[in-house]
Structures are given as structure tokens and as C-alpha cells.
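All values reported here derive from a predicted model rather than from experimental measurement. Excluded from the calculations below are hydrogen atoms, water molecules and symmetry mates; all remaining heavy atoms, backbone and side chain alike, are included.
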Amino acid sequence: MCRTLSAFPSTCLERAKEFKTRLGIFLHKSELGTESGNVSKFEWGSKQSKEKFVPEDVLGWKESFDHLLSSKSGIAAFRAFLKTEFSEENLEFWLACEEFKKIQSTSKLASRAQRIFDEFICSEAPKEVNIDHETRELTQKNLQGATTTCFDEAQGKTRTLMEKDSYPRFLRSAAYRDLVEQACVASTSQSGGQCSHT
């Protein structure tokens, strides 16, 4: 082929990644024919569903991004949504960093750090996250003396990106609105009260 991606200025690469994401969303929407159709409707407590959605959890996800990330079923629903946008790499990277922080063995820390870097951070990584050139270089430098904090900067940037960009779209998605409706039905039938989800 021609020159490698690393030969291009970082602003070019960031624009290309943004274009790729938007193109993926556009193509996916045109395949489905409608944005508000049954895009990845989550199964509500069905036998085929791997995740059981608890009404209080579902309704709480809109309270804060932290609340969503602290719920296993919230992460599963958010991941399913991100897959429809072809952008699940940010969440996968964030989760990999959370697991990485639990490692206590120094030798395992170094090898796992390199695997995470190769999978998510380095140029042309299979699941490359959208971070700026400075953060990428700082993270690479941090690998020389890998500690549990070596991905903090990159993880923080991808978290902010998800919170400001993907999370609001998730809350507006047909799939989440459907879950909220079902959560309201379930909680009002249990309590006999009213459910406010607006």
C-alpha cells in the first residue's frame, strides 16, 4: 500500500476516525431503515436474555453515567447500544482498564499493560480508541514502568467521550426508552403507584 497511518498528522487521523464512526452510524441506520425502529431492543427478562433488567436499575441509569457503569445490566445494555453505533471499543477499553487496576502481580501488570496498549491504544490497533496524540504518547511512556495507573489519562478521556457523546444518545435511543416503559409497567404493578420517567 502507500505510507502507514502513523506518517499522517494526528489531526488527519482523528478526523478519519470520526468520519469512519459517522459513516458506520449512517450505514447502519440506512440498513435498518429507521432510527426509531426496533434497533437492538433489549430483551426484558426473557429466557433467551443473558441479562435480567431490574426496574429500579433501568430507571436509575438516567440519573448519572456512574450509575450506569456501576450496574452489570447497565453495562450490558450500553454495550449493546454501542455495538449498533460501531463504537463499543471505548467501553471495552474502559472495562479492560478497570480489570487491569485489580492486578497485583508486577509481572502480570507489565504483560497485561502491553496487551491493552496493543489492542486499544497503538496506531492501527484492532480496537483503537479515539484519543489525542499526546495522550497516546504519554500512555506509551507509562508502559516503561507499568503501574495500575498507567492508563488513567487515556481511560479518563474515553470515559469523558462516552459520557458526553454516547451516553446521551443511549438515553434517547428507542431501545432504552422501551426498557424504561417496561420498567415503569413492572414497578407500578409491584407497588401499585405511579412511575415518572420523563
Side-chain angles (χ1 to χ4, degrees), residues 1 3-18 20-21 24 40 42 49-54 57 60-61 63-171:
M1 214 169 134
R3 52 189 177 152
T4 64
L5 287 175
S6 57
F8 288 98
S10 61
T11 53
C12 264
L13 293 175
E14 286 168 22
R15 277 194 172 145
K17 285 180 203 163
E18 186 179 329
K20 175 188 156 209
T21 302
S40 171
F42 308 118
S49 175
K50 290 179 188 171
E51 289 298 329
K52 298 281 185 203
F53 297 106
V54 178
D57 271 358
W61 297 342
E63 300 303 320
S64 75
F65 191 50
D66 285 326
H67 194 94
L68 175 75
L69 291 178
S70 66
S71 160
K72 274 189 175 182
S73 56
I75 288 171
F78 190 49
R79 176 183 272 145
F81 168 75
L82 291 174
K83 282 183 179 179
T84 70
E85 294 201 332
F86 306 98
S87 62
E88 67 269 24
E89 69 278 352
N90 289 330
L91 180 62
E92 287 181 20
F93 172 64
W94 186 86
L95 291 168
C97 290
E98 289 298 292
E99 283 303 308
F100 175 75
K101 290 174 187 175
K102 297 174 187 170
I103 297 173
Q104 294 177 354
S105 158
T106 312
S107 60
K108 281 185 183 173
L109 209 61
S111 64
R112 184 69 183 126
Q114 190 61 55
R115 283 210 321 264
I116 291 172
F117 185 84
D118 292 343
E119 187 175 2
F120 297 102
I121 305 288
C122 75
S123 289
E124 302 181 55
K127 296 179 181 178
E128 188 178 354
V129 292
N130 191 2
I131 55 172
D132 58 86
H133 183 68
E134 292 79 18
T135 305
R136 182 172 280 111
E137 284 194 345
L138 172 68
T139 306
Q140 187 166 17
K141 200 180 291 182
N142 288 345
L143 289 190
Q144 292 164 6
T147 66
T148 54
T149 61
C150 68
F151 291 108
D152 282 2
E153 186 76 16
Q155 185 186 22
K157 297 234 169 155
T158 55
R159 187 196 185 287
T160 301
L161 186 67
M162 288 190 294
E163 185 172 18
K164 293 192 181 321
D165 188 40
S166 308
Y167 174 60
R169 282 200 309 278
F170 167 71
L171 295 179

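- Taking 4.5 Å as the limit, every side-chain heavy atom of L69 sits out of range of all side-chain heavy atoms of E98.
- For E137 (side chain) and H133 (main-chain N/O), no donor-acceptor pair under 3.5 Å exists by modelled atom type.
- Scanning all heavy atoms of the two residues, the minimum distance from M162 to F78 falls at SD-CE2, 3.9 Å.
- Between the CG atom in D57 and the CG atom in L68 there is a gap of 9.5 Å [rounded to 0.5 Å].
- Between S166 and F81, the shortest heavy-atom contact is O-CE2, 3.6 Å.
- A pairwise comparison of heavy atoms in D118 and C122 identifies O-SG, 3.6 Å as the closest pair.
- Heavy-atom minimum distance, A96 versus F120: CB-CE1, 4.1 Å.
- Closest of all the heavy-atom pairs between F151 and C97 is CB-SG, 3.6 Å.
- Put simply, the side chain of R115 never gets that close to the backbone of S111: no donor and acceptor are under 3.5 Å apart.
- Residue Q155 comes nearest to T158 through the heavy atom pair O-OG1, 3.0 Å, listed as atom of the first residue, atom of the second, then distance.
- The backbone N or O of I121 sits less than 3.5 Å from a side-chain atom of R136, completing a donor-acceptor pair.
- A salt bridge does not link E88 to K83: none of the charged side-chain nitrogens sits closer than 4.0 Å to a carboxylate oxygen.
- A salt bridge links R159 with E163; the closest basic N to acidic carboxylate O contact falls under 4.0 Å.
- Put simply, the side chain of L95 does not reach to within 4.5 Å of the side chain of E99, judged on heavy atoms.
- The distance from the OG1 atom of T135 to the CD atom of Q140 is 13.0 Å, given to the nearest 0.5 Å.
- A centroid separation of 6.0 Å or more is found between the aromatic rings of F65 and F170.
- Side-chain contact, T149 with D152: no donor N or O sits under 3.5 Å from an acceptor N or O.
- No side-chain heavy atom of S73 sits less than 4.5 Å from a side-chain heavy atom of V54.
- A 4.5 Å side-chain heavy-atom check between N90 and L161 finds at least one atom pair inside the cut-off.
- Residue K108 places its NZ atom among 12 or fewer non-hydrogen atoms of other residues, nucleotides or ligands, all under 6.0 Å distant.
- Atom OH of Y167 and atom CG of D66 lie 9.0 Å apart (nearest 0.5 Å).
- For the atom pair OG1 of T148 and NZ of K102, the computed distance is 13.0 Å after rounding to the nearest 0.5 Å.
- Within a 6.0 Å sphere centred on CD of E63, heavy atoms belonging to other residues, nucleotides or ligands number more than 12.
- At a threshold of 4.5 Å between non-hydrogen side-chain atoms, the residues R79 and E92 count as touching.
- In this structure, L109 and F100 have side chains that are in contact, with non-hydrogen atoms separated by less than 4.5 Å.
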